[in-house]
Amino acid sequence: MKRLRCFYLLFSSIFLCLQGPVFAQSTQIDHKWWKEAVVYQLYPRSFKDSNGDGIGDLKGIISKLDYLQSLGITAIWLNPVYASPNDDNGYDISDYRAIMKEFGTMADFDALLKGMHQRGIKLVMDLVVNHSSDEHEWFKQSRSARNSPYRDYYHWWPAEKGKPNYRYSLFDVNHDAWMYDSTTNAYYLHYFSRKQPDLNWENPKLRQEIYDIMRFWFDKGIDGFRLDAFTFVAKDITFPPFPKGYEKNFMPYYSMQPHLHDYLKEMYKEVFSKYDVLSVAEGAGNTPQDAHDLVDADRQELNMAYPFEWVDIPKPEGYSLVHLKAVISKWDSIFAQKGWLSVFLANHDNARMVSRFADERPQFRNLSSKMLNTLVLTLRGTPYCYYGDELGMVNIRFDNIADYNDVALRNEYAYLKKNGGDLKKWMEDMKFSNRDNGRTPFQWDNSAQAGFSTGVPWLKVNPNYPQLNAAQQEKDPNSNLNYFRKLIRLRKKEPTLVYGAYAQVDAQNPDVFAYTRTLNGRKILVLLNFRSKSVQVKHGEALKNAQLLISNYASPSRKNTLKPLEASVFLLK
Ligand code: GLC
Ligand code: CA
C-alpha cells in the first residue's frame, strides 16, 4: 500500500513539474568557465608510472594526455605534486616551489601544463597551507631556536608554561595535536600528523610567503587552486581550553574561526583578483551561511563551495536514499540564487563511489557506475569526476593491515590497538570506507599490474583488472568509459544541465532519485533507480513525446518500470 502511494506521488509530481510555464522568462546566465567546467580529479601517484619504480609520475600523465582529452573533461585537479617526504602522500610539503622527486622535474611539470593547455584542459593545483612538512626549511629554522626569524611561522607552546590545553589530532597515534620538541623545550601544534606542523596564519609574514607561492604558480599559467583543509587555518592562538569530549565533534572548534574571512579577503586582493581562476576550499564551513560567506561573488573571497554533507552519508550498514536526496537538494537550494557548488561523489579521501553509493557486485557495477556518473553530470554545480570512476573502479577491500599505506589509517590502527578498540570490526569497516580503496592504481589494460607500472606498485592493483580496464572498455561502445564520454558531450551542449533550475520529483520515493532541470522553457527530466532490481513507477503521459537524451539501457522504460539501476535522461516536450 505504502509503495503504491509512492508511485502515485511520482506520477502526479511529474505532471505538476510539467505544467510550469512554457514561455518562462528568459534567465540571464552569468557565464564562467569554471561553472561550465567538467573537472577530473587526478591522483598522480596512481595514474601512470613511466619509469617502473611503482609510483605514478608526471611523465606518466603526459603519456596519457590524449586519453584525458578523449574523455571531454575540461579541467584537472591534480593532487599535490610538490617536493614532499610523503608522510601523507604529498600533503606534507617540504618545498612549495619544487616538484616531488618521484614525480619528476619542473621541466616535466611545464611540459604537462603546456600539453594540457594545448588540449583545452585547465590545471587546478592543490594548495596545502594549513600545514607544511616538518622537513620544510621554514620548520627546520623554526624548531632550531626560540629566537629564529621563522619561529612564528608555526604554533609553539613553551613547556615551562606547562602542558598546553588539549587539541585533537586527526592523524596522530595518540590523537594528540601537541608534539613535544626537546630542541627548544616546547610543543608544536599539528592537527594532522606529527610530520605536518600547522602554519601560523596569524603571522602576516607567513601569509605574504603563501601569496608569493600562489603567484609563482599562477604566473606559470595554472588555472586555479583547491585549498586543502583551509577552513582550519585561523586559530585562537591563546589556545583556550575546549569542552571535554569536543573531539567527537571538533568542526565547530577547528573550522571557520575568527579572521578566516580576513585572510581570504586579503588573499583575494593579493592574488585571486589578478587572475581568471577557479578557487575552491575543501569543506564549506559549518552552516549554509558559512558556505555563502566563503563563495558569494560580491564578498570577493573564493568562487566555489565544496561541501561534504552528502558524501559522508553512506555507511557500511547502508544509507537512506531519501536522506541523500534531501541533502543534495538542500545544497542545491542554498546556491539557487547566489554562489556556486561543486558536485562529487568521490575523491582521494573516500572509498570508491560505486562501492559506497550503489552496487559493486560484478553483475551490477557497470550499471551502478553509469547511474552515479549520470547523477554527478546532470546536477547543477561543477562536476568533479575522480580518476577511475569513468571505468567504474571499485573498492579493493584489503584484509591485511600491511597492505594499507594511508597514514591516518595506520596511526588509528595503532591507537585502537593500544586502547583496546574492536580491531576486527574496524578492519571490516575500513574495507568499505578507507581512502586507500580509492587510491589503487588506474587500470589501463589486462597486462601485468594493469599496465600501470612495469615495477611493483606502491599500492596493490585491484585484482579485478583483467575484467575491468580502460583498453577493454575502449573497444566496447556500451562500456562505462564510452557512456561517461557521452554524458560529458551531453552536458557540454546542454546549458540547461549546467545552469538550469533544479527541482526534485517525488522526494519521498525510497528507491528512485528523480529531478528536473529547467532553463528558459527547456525542461530535462532525470530518472535514477538506485536499486539493483526493477521498481515500478508511473511516468504518466510525461514521457510519451519526450526525447531520450541518454540512458544506461538500450531501450529504457517509457512505461511503468525502471530497470535495475536504470539512469535515463529525457527532454520533455
Ligand atoms: C585534506 C586532504 C587529505 C589530507 C589532509 C591533510 O583533508 O584532502 O588527503 O590527508 O587534508 O593535508
Ligand atoms: Ca614513476
Side-chain angles (χ1 to χ4, degrees), residues 41-64 77-82 84-94 96 99-105 108 112 124-134 136 168-172 177 189-199 225-233 250-251 254-255 280-284 306-308 311-312 342 344 346-351 384 386 404-412 434-439 441-442 449 451-459:
Q41 188 194 337
L42 194 155
Y43 198 68
R45 209 172 178 79
S46 298
F47 195 61
K48 176 71 189 167
D49 173 20
S50 71
N51 61 352
D53 66 355
I55 298 173
D57 47 51
L58 300 187
K59 281 208 166 86
I61 303 173
I62 293 171
S63 73
K64 294 297 183 183
W77 155 23
L78 192 61
N79 289 98
V81 295
Y82 318 90
S84 165
N86 280 305
D87 187 51
D88 184 19
N89 288 350
Y91 282 94
D92 47 321
I93 296 170
S94 53
Y96 289 93
I99 297 296
M100 190 190 298
K101 283 203 180 65
E102 293 94 321
F103 286 176
T105 63
D108 296 333
L112 173 64
V124 177
M125 288 182 76
D126 224 306
L127 185 70
V128 189
V129 290
N130 173 69
H131 45 270
S132 73
S133 162
D134 65 338
H136 193 291
Y168 166 68
S169 163
L170 284 76
F171 288 2
D172 190 73
L189 184 75
H190 63 93
Y191 277 1
F192 295 93
S193 91
R194 292 173 186 180
K195 288 185 67 62
Q196 294 170 298
D198 284 42
L199 288 161
F225 273 122
R226 174 258 186 192
L227 280 65
D228 182 72
F230 196 80
T231 66
F232 289 1
V233 302
F250 61 87
M251 286 302 273
Y254 281 20
S255 177
V280 59
E282 178 189 20
Y306 190 92
F308 283 125
V311 176
D312 289 341
S342 314
F344 59 99
N347 60 29
H348 66 294
D349 292 326
N350 283 291
Y384 285 66
Y386 188 53
Y404 283 105
N405 166 280
D406 180 3
V407 59
L409 176 133
R410 284 170 167 261
N411 286 345
E412 189 61 15
N434 180 259
R435 52 190 193 167
D436 277 351
N437 284 292
R439 295 177 174 185
F442 191 91
Q449 310 297 2
F452 163 71
S453 172
T454 54
V456 181
W458 71 279
L459 192 66

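We count ligands from 1, going down the list as the structure has it; atoms in each ligand are counted the same way.
Set against the non-hydrogen atoms of F171, the atoms of ligand 1 under 4.0 Å away are 10 (O). Heavy-atom proximity to H131, at under 4.0 Å, picks out these atoms of ligand 1: 6 (C), 12 (O). Taking every heavy atom of F192 and a limit of under 4.0 angstrom, the matching atoms of ligand 1 come to 5 (C), 6 (C). Every atom of ligand 1 with a heavy atom of R435 under 4.0 Å away is listed here by number and element: 3 (C), 4 (C), 9 (O), 10 (O).
In this structure, Y254 and Y168 have tilted ring planes: the angle between them lies in the 30° to 60° band. Using the six-membered ring where Trp is involved, Y43 and W458 have ring planes that are tilted, between 30° and 60° apart.
From the protein, the heavy atom lying nearest to atom 8 (O) of ligand 1 is D349 OD2, 2.4 Å. In this structure, the protein non-hydrogen atom closest to atom 11 (O) of ligand 1 is D228 OD1, 2.9 Å. At the top of the distance list for atom 7 (O) of ligand 1, counting protein heavy atoms only, stands E282 OE2, 2.8 Å. Of all protein heavy atoms, the one closest to atom 4 (C) of ligand 1 is D88 OD2, 3.3 Å.
Rounded to the nearest 10 degrees, the angle OD1 (D49) to the Ca ion (ligand 2) to O (I55) equals 80°. Geometry at the Ca ion (ligand 2): OD1/D53 and OD2/D57 form an angle of 170°, nearest 10 degrees.
Shown here is K59, whose NZ atom has no more than 12 heavy atoms of other residues, nucleotides or ligands within 6.0 Å.
Looking at heavy atoms from C-beta onward, L78 lies in side-chain contact with P44 at the 4.5 angstrom threshold. In this structure, the side chains of N79 and R45 stay at 4.5 Å or more apart for every pair of heavy atoms.
Here the options are Y384, Y386, Y91, the test is ring pair (Phe, Tyr, Trp, His ring centres under 6.0 Å), and the partner is H348; only Y91 passes.
Residues D57 and K101 are not paired through a salt bridge, judged by the lack of any N-O separation under 4.0 Å between the basic side chain and the carboxylate.
For the residue pair N130 / D198, a side-chain donor-acceptor distance below 3.5 Å is found, with atom types taken as modelled.
Among the atoms of N51, an N, O or S atom falls under 3.0 Å from the Ca ion (ligand 2).
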